[in-house]
Amino acid sequence: MTYPYAGRHTRPRVTLIIDPRFSGGTSSAVAQELHTISQHVEISVHAVSSKMFKGNTINTRLQAALDHLGIPVIWDAPVIRGDVVVLHNPSFLKFNTHFKPKITCETLICVTHENVLTPQGLEGFDMGACLDMIEKASVCGARYLAPVSESNRQGVVSWLTASSRSWGVTPFNWFNICDFEIQDPTYAPQDRRGRMSRPGWEKFPDMATMMQHFPEHAHNRIMGANSYLETPSLIPAHWDVMPFGAEAVNDFLTTIDFFVYFTNDRWRESFGRVIAEAIAAGKMVITDVDTGSNFAGAVVISDRNGVNDVINAYIADPEAYVKFVCQAQTQLSRFGKEAFLETALKGALTLPRGTHDIF
Amino acid sequence: MIFFEKAAASTDLHDDFVVFISQLRGAGINAVINKTQLPEGMSRSTQFDISPMLAPRDMGAGDHLVLLGADKIDAARAAAYRRLPENSVDGLTAIGPFPTLQSRISVRTRLSYVLYADPAIVDSSPWGGGLPVVSVNAGKGFRRSERSEVLLFSPPMDTADERAALQSWISTSQFSISILTTGKSKESWIADQGTATRIYHYSEMLPIEIAPMFDAVILFCPPKSSYRAKTLLANLSVSDVILIDCSLQHRTSLLDKRWISGPADVRSAYSWFAYEILPHAHLVRKEMSHLPKADVLDADAALMMMQIPSQRLRETSGPAQVTMMPTNGIGLGHAQRCSLVAGEIAKHNVAPVFAAFPSCMRMLQGYGFDVMPLVSRSPLHKQEHDNDALNRMRLRSLCAEQGTFVFDGGYVFDSVMRTIAEKRMRGIWIRRGMWQAGQSNAIALDREKIFHKVIVPSECFPELNESYSTGDHVETVGPVVQRVEMKSRNRTKLRKSLSAKFGDFDSLVVTMLGGGVAADRSQQLCAIAANLSGRPDVLHLVVTWPTATVPAALYGWGNTHVVKTHHASALVSVADLYISAVGYNSFHEAMYNKVPTIFMAQMNAFMDDQRTRAMAAVERGVADIVAPDEMSLLSHLITAHLDGTRGQEIRKAFSQIELPETGNAAAAKIIIGDVSS
């Protein structure tokens with residue numbers, strides 16, 4: 001692979017800027033990204049301590065990846081340089097009033113891990129303020145926003161159009177690399193349902209929907225239910241609920257056959273890494289049309305009322321269940337390492353270099 | 001309804017919260033507080049503030065939820081909202097310090113995840129993160145007299161010199177003065193100066209209740225941080241009150257041209273106000289009417305700011321125009337006195353409605369009055385005034401806005417005070433005298449300020465009358481007493497019916513020594529029964545209220561019978577000998593019905609001075625007295641009455657004294673006069 005950057009370095013310099021203390025999927029995605037791209041570029045990792053994750057410690061998966069690759073983390077450096085600087089998740093600046101480091105690069109890419117707009121079209125966070133801080137802190141040839149999925153892209157484009165900012169949008173998605181071990185589905189699916197997520201209320205639909213999706217006649221396991229656990233008396237007896245991280249993801253997934261994943265109506269997954277994990281583990285994923293759009297053909301789309309019918313139908317037809325899950329697993333290659341190198345990394349290194357700022 | 005809630009239990013501002021909602025309610029807006037929102041350890045005053053604001057039902061469709069301090073919404077509250085049924089609210093407003101877009105987005109998203117609705121966001125940063133001061137013009141309340149009511153707002157009064165300076169204000173007869181100050185200053189003033197001056201502390205009542213009482217306000221020290229005091233000032237500023245700023249820096253008058261700057265020195269301020277302002281009050285008011293009212297947020301603007309559609313309070317039923325509330329006291333004396341006055345009022349085509357404790361209900365209903373039950377104190381209540389907080393709710397439902405409230409009792413309950421103030425009612429206190437010497441009356445008399453009239457039913461003997469307060473609002477009437485003017489034919493008929501029921505008799509002895517609450521009289525009653533048991537020609541009736549406890553030992557005597565009745569007066573009037581305690585009612589019934597009586601006083605510390613009252617009659621030769629332990633004297637006196645001529649002597653003495661006209665009708669006239677004025 002050859003890249004347009006030349007000079008003292010034989011390989012292009014790619015610098016990642018992250019707040020590595022995020023507990024959810026973004027950190028796992030960045031860990032996977034480091035494994036994937038470190039063999040192809042000169043990589044450096046800059047950590048920024050934002051107000052958003054104050055008090056948290058560095059994500060364990062991310063720390064393991066950094067240790068494994070021998071990449072040091074540089075905390076709160078006054079100057080950050082690179083040919084391409086990739087800032088993951090600009091929303092980590094949403095509670096900050098200023099962004100200290102000075103960024104110098106040819107191309108600055110901000111990966112929008114968090115949806116900019118809600119399903120109702122309202123702002124999900126103050127993207128404008130975050131970008132203002134980044135703009136003030138950076139001197140670069142071009143600035144881009146990189147969506148993580150097609151659904152995420154729609155919000156980014158709409159917001160950018162409305163805000164009239166001079167940021168480009170990458171033609172490719174900076175998706176989460178889904179390089180999970182593929183496991184065979186069961187040949188005798190039972191009504192064993194589950195879901196896992198971080199604990200926030202945005203991850204859960206209303207109680208009536210939850211009761212419908214996890215009914216008395218099913219075996220139900222819910223991980224990440226910290227909010228429910230605060231009032232145990234209100235947890236239905238037929239739910240096995242546990243806090244976020246109570247079990248290893250794979251261990252949890254081995255206990256279910258159907259991954260029923262609907263979120264709050266006022267919030268949507270920007271990518272849905274957890275869905276890819278469930279598919280890789282050989283589970284059938286049932287979700288809504290918006291969340292499922294990033295995994296078209298790999299998940300069963302249902303409205304909120306149809307979940308029980310879907311499950312009953314597939315329990316009655318194990319062959320169809322196995323066929324669907326296996327097909328879904330082949331679809332995951334869209335989010336594999338090779339695809340990432342070919343589309344995201346190559347795309348990033350070949351983006352037109354503009355003249356936003358004068359060097 | 002508009003439900004106001006605090007987003008987190010830890011949110012401070014509780015008093016501000018209550019005052020804010022009271023203002024909206026004062027403007028006729030249906031603002032309520034969820035019962036689940038009551039914090040532990042509220043002060044007594046706050047409890048009475050808050051009780052009318054409590055939501056009568058759960059939140060539901062059509063309601064609007066306003067979340068105060070929404071920046072601090074805690075996990076418990078979020079979880080509670082999430083458990084609400086779908087469509088529990090129609091509208092949602094979040095108030096808190098949200099100066100940045102991100103802070104507004106954060107609260108919107110957090111609330112939308114649990115309430116499934118996007119709230120309107122109101123940034124409270126301009127008001128220091130709390131609540132905006134809302135002004136309400138609550139109009140004008142009733143006045144005791146034609147004289148202007150003047151409020152001295154935070155005058156200096158902590159030192160002897162400062163108190164002396166206030167004397168010119170207090171001693172004037174040109175206008176009536178009230179003082180608004182801190183709780184500490186009030187306490188210290190009463191300890192030093194007594195209760196003659198009407199004095200309020202800031203938290204005593206809500207601003208919406210205080211403002212309508214006054215025609216002019218003299219501001220000596222503007223509030224710095226107290227939301228309550230600022231709200232009161234805002235209410236005064238938008239009302240038609242003469243506004244005088246006598247503070248040192250005159251900041252209020254600089255900001256609002258309707259305020260007139262006056263001298264900061266308390267003595268000079270008096271002369272200036274009395275001679276420069278008051279004589280020209282009409283001109284001042286005229287001038288003020290041309291000036292724009294203070295630029296303070298009114299309730300409608302506050303609703304608009306919170307993006308809440310206006311929802312007005314609705315009256316649920318036709319409330320009572322004249323409400324009478326007797327305290328239950330020891331016996332039913334207050335209720336009986338009230339019923340006598342109510343009977344006179346009813347003659348004027350005004351139907352008074354009673355609010356009464358259960359012990360009085362049957363009697364009042366028996367007289368034909370509608371009665372709303374009040375809740376009695378109970379050791380089962382968590383706080384001793386819990387019942388009164390509930391009674392406040394009942395009274396405010398019962399009473400009409402600007403109606404008349406008649407209270408008969410010694411201790412003015414918070415519920416009475418608050419209802420009169422909130423409903424801007426004409427408060428009338430029927431207050432009998434004869435308080436015991438040494439009894440502390442400071443609290444009772446401090447609360448006199450809420451009443452527009454004090455009706456004092458006098459004692460029939462002039463030396464027994466003592467004035468506890470003065471002023472043209474205090475009106476003394478003759479004794480309120482049931483006078484049984486029974487014709488001889490009816491008297492014979494009643495005695496015959498008693499013969500038919502209990503057997504023939506020549507002499508009737510009626511004993512009424514009380515219900516056993518103030519003092520245990522079972523031994524005395526048995527002694528009388530034993531004494532009379534040897535007299536087969538005597539019928540002895542022990543008469544009690546139906547609620548009284550009767551000692552079992554009384555039932556074993558042949559010619560002694562227990563009669564539980566609300567209609568004791570008729571029996572007393574036909575008795576040959578009456579043995580009685582010396583409560584106001586029984587004493588005056590004995591006097592006015594000219595019944596030969598042996599009094600046995602009850603001298604409990606919380607009661608009236610019965611011994612002194614009895615002695616006034618004894619000294620005139622119209623009654624005898626025995627101490628409760630003088631059983632042999634009692635026996636001797638009974639013999640003197642039944643076998644000797646003592647009864648005749650007393651009847652003769654009665655014919656030689658003149659008793660004043662009873663005050664039943666006069667009291668009613670004062671009440672009716674107020675209704676019709």
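Sequence lines set the chain letters: A, B, ... in the order given, protein chains first and strands last, and positions in each chain run from 1. Remember, predicted model here, so these are calculated numbers, not experimental data.
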- Task: Kindly indicate whether the side chain of B/Ile105, heavy atoms from C-beta on, has any atom under 4.5 Å from the side chain of B/Leu101.
- Result: yes

- Counting only N and O atoms by type, is there a donor-acceptor contact under 3.5 Å from the side chain of B/Asp388 to the main-chain atoms of B/His385? no

For chain B and chain A, give me every donor-acceptor pair shorter than 3.5 Å, distances to one decimal.
| from | atom 1 | to | atom 2 | distance (Å) |
| --- | --- | --- | --- | --- |
| B/Arg82 | NH1 | A/Pro205 | O | 3.4 |
| B/Arg82 | NH2 | A/Pro205 | O | 2.2 |
| B/Arg82 | NH2 | A/Tyr228 | OH | 3.0 |
| B/Arg83 | NH1 | A/Thr231 | OG1 | 3.3 |
| B/Gln102 | OE1 | A/Asp126 | N | 2.6 |
| B/Arg108 | NH2 | A/Glu123 | O | 2.7 |
| B/Tyr113 | O | A/Asn264 | ND2 | 2.7 |
| B/Tyr116 | O | A/Arg266 | NH2 | 3.2 |
| B/Asp118 | OD1 | A/Arg266 | NH1 | 3.1 |
| B/Asp118 | OD2 | A/Arg266 | NH1 | 2.4 |

- Closest heavy-atom pair, B/Pro52 versus B/Arg392, reported as atoms and distance to 0.1 Å, is CG-NH2, 3.0 Å

- Kindly say whether B/Leu67 contributes a backbone atom to a donor-acceptor pair with the side chain of B/Glu5 at under 3.5 angstrom? no

- Query: Centroid-to-centroid, A/Phe295 to A/Phe271, below 6.0 Å?
  - Reply: yes

- Task: Not counting sequence neighbours, which residues clear side-chain hydrogen bond (donor to acceptor under 3.5 Å, both in side chains) with B/Ser45? List them please.
- Result: B/Arg418

